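No experiment lies behind these values; they were computed from the predicted model shown.
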Amino acid sequence: MRAWRRSAAVAIAGASVLAVVLSGCSPQGSVSINVPTQVDAPLPEATVTELQAAVTSAMTATGSTGAIVGVWAPWSGTWVSGLGTQGPGGAEVTADLGFRAGDVTGAMTCDVLYRLAADGTLSMSDPVTTWVSNLPGYDDITLRQLCDGTSGLASYTSVLDGVTANNPERVWNPRELMTYGIASPRTNAPGAAFADSATNFVLAGLAAERAANEPIAQLIAERVTEPLGLDATGLPDPAPADPADASLRGYWSQQNAEGAWNCTDPRDYTDMSSSYGGAAAGAVTNITDLGRYAQALATGALLPAGNDRFAAPVPVGGDQPTWFTSAGGAFQAGSLIGQYGSMPGYLVGAFADPTTGMSVAVVLNNSGGDKTTGAWLAWELAAIASKAPAAQGQTAPQAGLPWTAEQMRDNINSKAICAAPAG
């Protein structure tokens with residue numbers, strides 16, 4: 001398996017609601033980066049029409065009333081927009097609203113671990129039991145395996161999603177979440193295979209806290225969001241609250257006893273405790289920060305050159321394409337690196353190409369559907385944006401992606417929980 005491509009450290013600089021320009025440094029952060037300069041122009045109208053159609057189609061399939069999307073193609077232009085409404089008959093969605101980052105949080109938690117490893121505070125080869133107490137019999141799992149997704153630990157969400165659906169304001173202790181995860185049968189032997197599990201990142205967060213003697217929220221702030229200038233991003237207090245002062249409303253369609261999805265009046269989960277996601281999925285963000293973070297993650301901006309975070313990617317599964325792999329708390333899809341997932345109310349996807357600088361970020365405001373929809377939609381948007389014509393004086397990159405936009409839309413529609421309204 002080839003190693004993931006890495007390039008110089010990166011960040012994405014400032015934005016407006018309608019257009020966001022990515023540049024080589026951040027005036028607010030301390031991380032300097034070197035990627036292709038972003039053209040200060042909107043994407044061509046024809047490209048935007050395709051992108052908007054992709055998002056609108058995914059909104060229909062997931063029962064989402066609203067979405068926020070950002071696409072940055074350095075050689076061509078940008079498109080950042082809110083689509084739809086805050087709910088049936090609600091206010092229009094704007095691009096500056098905050099939302100929950102979902103599983104992107106886990107990548108940030110692994111950023112922290114790898115930075116602690118670079119500082120010599122810990123080693124990614126350390127058994128998790130070195131840093132997390134009361135885990136007898138788990139010394140065969142390393143910190144690296146937690147971030148790679150190969151620990152074999154089951155996810156606590158499979159047990160607790162129903163509890164959270166009924167009581168989203170409940171505040172969870174991370175060790176309580178950990179207990180539910182390790183109480184379930186292991187999915188595989190450590191290091192044998194990838195298995196998606198929020199328990200991995202909760203344990204990674206506990207390990208980071210013990211090693212650095214600081215709360216994980218503070219570690220993410222000091223070692224991720226502040227260096228990158230991500231002012232709207234962080235792991236909030238566990239008290240129930242909206243993601244931001246101005247938030248995208250988040251919904252979660254549920255199935256009834258007959259298996260039919262409630263697509264007309266799903267419950268609002270905007271106001272809930274971030275503690276259910278914690279170090280795995282509890283962070284909040286906005287679309288500008290999310291696109292910027294995706295680019296920083298893909299290029300290894302926060303880590304020393306030559307680090308081995310993405311050196312040994314593992315297949316996501318035997319039924320998945322060979323170009324879809326996992327390592328270091330992130331996923332690789334062709335030339336893209338990023339994360340995707342969900343938190344009650346939101347489906348999220350954020351990926352970037354470390355060579356071309358292209359970045360895509362998207363959030364849908366209904367988490368009832370398949371969580372992979374966040375990835376599929378990001379990849380559909382990337383397939384469209386990768387073919388955007390070059391602006392005057394620019395040269396479009398030659399490399400393509402190993403999928404088409406149509407294939408990703410078919411994937412989304414195959415998992416649709418809602419249909420377009422009649423008429």
Can you give the donor-acceptor pairs under 3.5 Å from side chains of residues 164-171 to other protein atoms, not counting sequence neighbours?
unit_1, atom_1, unit_2, atom_2, d
T164, OG1, L160, O, 3.3
N166, ND2, G162, O, 3.2
R170, NH2, E176, OE2, 2.6

(message) Between I182 and L135, is there a side-chain heavy-atom distance shorter than 4.5 Å?
(response) yes

(request) List in chain and number order the residues that pass side-chain contact (heavy atoms from CB on, under 4.5 Å) with A198, two or more places apart in sequence or in another chain; answer none if no residue qualifies. (result) S155, Y156, T157, A280

(request) Return the set of residues passing side-chain hydrogen bond (donor to acceptor under 3.5 Å, both in side chains) with T372 (not counting sequence neighbours), or none when no residue passes. (result) D370

(message) Show me the pairs that pass disulfide (SG to SG under 2.5 Å) and involve residues 216-255, at least two apart or across chains.
(response) none

(message) According to side-chain contact (heavy atoms from CB on, under 4.5 Å), who are the partners of A204, at least two apart in sequence or on a separate chain?
(response) T109, L113, L146

(message) Assess the residue pair W323 and W403 against the criterion (ring pair (Phe, Tyr, Trp, His ring centres under 6.0 Å)); give the C-alpha distance rounded to whole Å, side-chain angles, the decisive distance to 0.1 Å, and a yes or no.
(response) CA-CA 10 Å; W323 47 256; W403 64 80; 4.6 Å; yes

(request) List for me each residue that meets side-chain hydrogen bond (donor to acceptor under 3.5 Å, both in side chains) alongside T233, sequence neighbours excluded, and say none if there are none. (result) T285, D289

(message) Quick test of your reading: applying side-chain hydrogen bond (donor to acceptor under 3.5 Å, both in side chains), list the pairs with at least one residue in residues 248-260, sequence neighbours left out, ordered by first then second residue.
(response) D242-R249, R249-D268, R249-T270, S253-N366

(message) With side-chain hydrogen bond (donor to acceptor under 3.5 Å, both in side chains) as the rule and sequence neighbours excluded, what pairs involving residues 373-384 come up?
(response) E380-R409

(message) Restricting to side-chain contact (heavy atoms from CB on, under 4.5 Å), what partner residues turn up for C263, sequence neighbours left out?
(response) W261, C418

(request) State which residues pass salt bridge (charged side-chain N to carboxylate O under 4.0 Å, His left out) with R175; sequence neighbours excluded, sorted by chain then number. (result) none

(message) Suppose we screen for side-chain hydrogen bond (donor to acceptor under 3.5 Å, both in side chains). Which residues come up paired with N365, at least two apart in sequence or across chains?
(response) T65

(request) Among V362, V69, V360, L43, find the residue that satisfies the side-chain contact (heavy atoms from CB on, under 4.5 Å) test when tested with L51. (result) L43

(message) Could you work out, with ring-ring contact (aromatic ring centres under 6.0 Å, His included) as the rule, every residue matching Y340, not counting sequence neighbours?
(response) F331

